[in-house]
2 protein chains.
Amino acid sequence: MKLSQLAFFCAVVEQGTVAAAAAQLNCVSSNITTRVRELEDLLGVSLFSREKNRLLVTPEGRLFYQKAKQVLAMAQEARALFKDDAERGVIRVGALDVALTNHLPERIARYRANTPHVELHIRPEPSLMLEQLLMDGELDLILTDGPIIHPLLVSRLAFRERLVLVTPKALSAPTVDDLSRMELYVFGQTCHYRRQVDGYLETSKIKPRSVMEIESFSSIFACIEAGVGFSCLPESVVEQAVTRHGKIHFERTDSLESSDIYYVWRKNYTSPLIHRLIESLEQEL
Amino acid sequence: MKLSQLAFFCAVVEQGTVAAAAAQLNCVSSNITTRVRELEDLLGVSLFSREKNRLLVTPEGRLFYQKAKQVLAMAQEARALFKDDAERGVIRVGALDVALTNHLPERIARYRANTPHVELHIRPEPSLMLEQLLMDGELDLILTDGPIIHPLLVSRLAFRERLVLVTPKALSAPTVDDLSRMELYVFGQTCHYRRQVDGYLETSKIKPRSVMEIESFSSIFACIEAGVGFSCLPESVVEQAVTRHGKIHFERTDSLESSDIYYVWRKNYTSPLIHRLIESLEQEL
DNA sequence: TAAATCGTTCATAAAAAGAGAAGATATTGA
DNA sequence: TCAATATCTTCTCTTTTTATGAACGATTTA
């Protein structure tokens, strides 16, 4: 079945005659006769009743006309999707939880307000998964710790971020021995921060009593407040948390490298939507 | 824009590669490449980002995919409309008010119950209009007084019907003089019955004091009950009405010819739906 | 009655779709 | 590392589809 067949058929129904339809569609009437016949053969029903030298729509034809018009209208919508200069598309963004929680919400809201016809699909993932999904083409843009050096990818600094040491307030200047007597709370096994924390522990010769994996920032803070554990967390998260959790203390440590968040996307990506999205996200609030 | 282009595009999106899409659609991959390119040129956007030897859907392509799938699904619905053996169509029926009111309702309900996929459009019209609409192809079937003798039309008796003289009960055996002192109520100007009534008045030498046109049976009955007027109405209507209006009286009159209702439709109508509809309506309740 | 209109058929021309080979690049496997 | 395989694309050529225009029969209009 072809859209042109449907258009021919609808024109005949609307105009009443083949000749008028031919005039409307700038073609010859024999063409219309043939195409409508094809359509009837395809469907197995008579769409018109031929009587003398005129066409009368059959009940079947009337029903088919309703559907045909819907199909044509929807095809027209598809055809016209990109005719105006509005940005339209579906962008898939992946981001580290810390980026999603602390840096992105207001910026995404602003982008959505300025670009209402672009659908954003946003999913939180650990950094290894993000890179994998970006390479597979499942994601258009990721916000992850970087930069990622790869011939196909581009990285650009998004947000400065570093891990800080978070301890109970009662223990304002913890020594290595203090920390070694405590529990360590880490976010997730596949999270990139884990590697940095491990490096820090090794450098500082801290051997925590035990390691607990907790996939929730607020749970980690609650545990630290309880007084028997510590953690290494992104500074932006901690800054927000100290207002709600009074009994925690944090400090920067040189042994914990900076761990900035980068935009990463494909180098040879033709669509301009990605770049506009990045430009929008980069603007100060 | 062609449905085949949309199908090619969607196959590539779903399969991920041109080669896989070609295998699915039983064609050669160069063909797909070309058709997708055409589509991109037509829309003015890149649907895929070409990187190395693979295709990645762009944000625009993702959006277009959603629409394209809808178009294809709806086209498929249209294609499959008549694939089963259920009767489907839109039948337009016109009928005299008397037929619609007294004879048709239960039969139409029964037909609808047996044939749920046939849409019925039913409109009441006076007989001249009915014939006109049937000839114009605006109606598939009419129920009107007949038979209509016409080379293109077929008539078949539907319901026996005749006009009866309806008078106030107080005047059980009205004379010509009685009636000539009264008002006459007639249904509508364009109604076929009007001619019969005029013929009756002339034959019987009745000259009513005045003629009122009232387009409502129940209003006519109310006026007759008031005692100063009479009317000539279809027997089936009157029979129903006497139960509700006690103060009216009716009698058959030879001067009022029978006025039966006929099915009338086009002789050369190929669609079987009309005939099935008539068969259904003809069955006894 | 003559002229115009209508839908259809047919032969033919134009356009589109498809096939298949060849090329450039990238991935896989030995 | 190097050949083998797989990717998409470009090109030419063939087939298929679509459109044209004239002719025809039938009907309607003037």
Side-chain angles (χ1 to χ4, degrees), chain A residues 1-42 46-58 61 75 132 135-137 150-153 266-270, chain B residues 1-42 46-58 61 72 132 135-137 150-153 266-270:
Chain A
M1 198 166 62
K2 308 248 169 74
L3 286 176
S4 58
Q5 293 172 327
L6 300 184
F8 281 138
F9 166 68
C10 288
V12 175
V13 172
E14 285 157 15
Q15 301 289 329
T17 70
V18 170
Q24 181 196 329
L25 298 176
N26 296 317
C27 76
V28 113
S29 61
S30 63
N31 195 20
I32 297 190
T33 297
T34 312
R35 299 300 141 240
V36 171
R37 266 267 145 72
E38 280 178 3
L39 194 55
E40 288 181 311
D41 291 346
L42 181 74
S46 294
L47 299 172
F48 295 102
S49 178
R50 275 85 175 168
E51 184 181 87
K52 300 183 195 176
N53 62 344
R54 63 187 293 207
L55 294 183
L56 295 164
V57 193
T58 60
Q132 181 65 45
M135 286 310 298
D136 290 350
H150 188 289
L152 291 176
L153 303 182
R266 296 182 159 273
K267 190 173 288 178
N268 305 327
Y269 216 77
T270 56
Chain B
M1 200 166 60
K2 307 248 170 73
L3 286 176
S4 59
Q5 292 172 327
L6 301 184
F8 281 138
F9 166 70
C10 288
V12 175
V13 173
E14 286 157 15
Q15 300 290 328
T17 71
V18 171
Q24 182 195 329
L25 298 175
N26 296 315
C27 75
V28 111
S29 61
S30 64
N31 193 22
I32 296 190
T33 297
T34 312
R35 299 302 141 239
V36 170
R37 266 267 147 72
E38 279 178 3
L39 194 54
E40 287 179 312
D41 292 345
L42 181 75
S46 294
L47 299 172
F48 295 102
S49 180
R50 274 86 176 167
E51 184 180 87
K52 300 184 195 175
N53 61 348
R54 62 188 292 211
L55 294 184
L56 295 164
V57 194
T58 61
L72 290 173
Q132 181 66 45
M135 287 309 298
D136 290 351
H150 189 289
L152 291 175
L153 303 182
R266 305 182 85 88
K267 190 173 290 177
N268 305 328
Y269 216 76
T270 55

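Order of the sequence lines fixes the chain letters, A, B, ..., with proteins taken first and strands second; residue numbering starts at 1 for each chain. Source: prediction; values computed, not measured. Only heavy atoms go into these numbers, but all of them, side chains included; no hydrogens, no water, no symmetry mates.
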May I have the distance from E40(A) (atom CD) to dT8(C) (atom C1'), rounded to whole angstrom? 13 Å
Rounded to the nearest Å, what distance is computed from the CZ atom of residue R37(A) to the P atom of nucleotide dC10(C)? 11 Å
Nucleotide range of DNA chain D contacted by chain A, 5' to 3', under 4.0 Å to a heavy atom? dT17(D) to dT28(D)
Heavy atoms only: give me the nearest L56(B)-G137(A) pair and the separation to one decimal. CD2-CA, 3.6 Å
Nearest 0.5 angstrom please: L152(A) CG to M135(A) CE, how far? 5.0 Å
Rounded to the nearest 0.5 Å, what separation is found between the NZ atom of K2(A) and the CG atom of L42(A)? 10.0 Å
Do T58(B) and F48(B) come within less than 4.5 Å of each other through their side chains, counting heavy atoms only? no
Measure the shortest side-chain to side-chain distance between L6(B) and L39(B) over non-hydrogen atoms and say whether it is less than 4.5 angstrom. yes
Protein-nucleotides 17-19 of chain C N/O pairs closer than 3.5 Å?
residue, atom, partner, partner atom, Å
dA17(C), OP1, K2(B), NZ, 2.7
dA17(C), OP2, E38(B), OE2, 3.4
dG18(C), OP2, N31(B), OD1, 3.4
dG18(C), OP2, N31(B), ND2, 2.9
dG18(C), O5', N31(B), ND2, 2.9
dA19(C), OP2, V28(B), N, 2.9

Name all pairs fulfilling the salt bridge (Lys or Arg N to Asp or Glu O under 4.0 Å) condition that reach into residues 15-24 of chain B, sequence neighbours left out, sorted by first residue then second. none
Side chain to side chain donor-acceptor pair (under 3.5 Å) against N26(B), all qualifying residues, sequence neighbours excluded: none
Among all residues two or more places apart in sequence or in another chain, which pass the side chain to side chain donor-acceptor pair (under 3.5 Å) test with R35(B)? N31(B), E38(B)
Below 3.5 Å is the cut-off: list the nitrogen or oxygen pairs between protein and nucleotides 5-7 of chain C, distance only.
residue, atom, partner, partner atom, Å
dG7(C), OP1, V18(A), N, 2.8
dG7(C), OP2, V18(A), N, 3.3
dG7(C), OP2, A19(A), N, 2.8

Please assess L47(A) against L55(A) for the test side chain to side chain contact (heavy atoms under 4.5 Å, CB included), listing each intermediate value before the final yes or no. CA-CA 9 Å; L47(A) 299 172; L55(A) 294 183; over 6 Å; no
Is T17(A) reaching over with its side chain to a backbone N or O of A20(A), donor-acceptor style, under 3.5 angstrom? yes
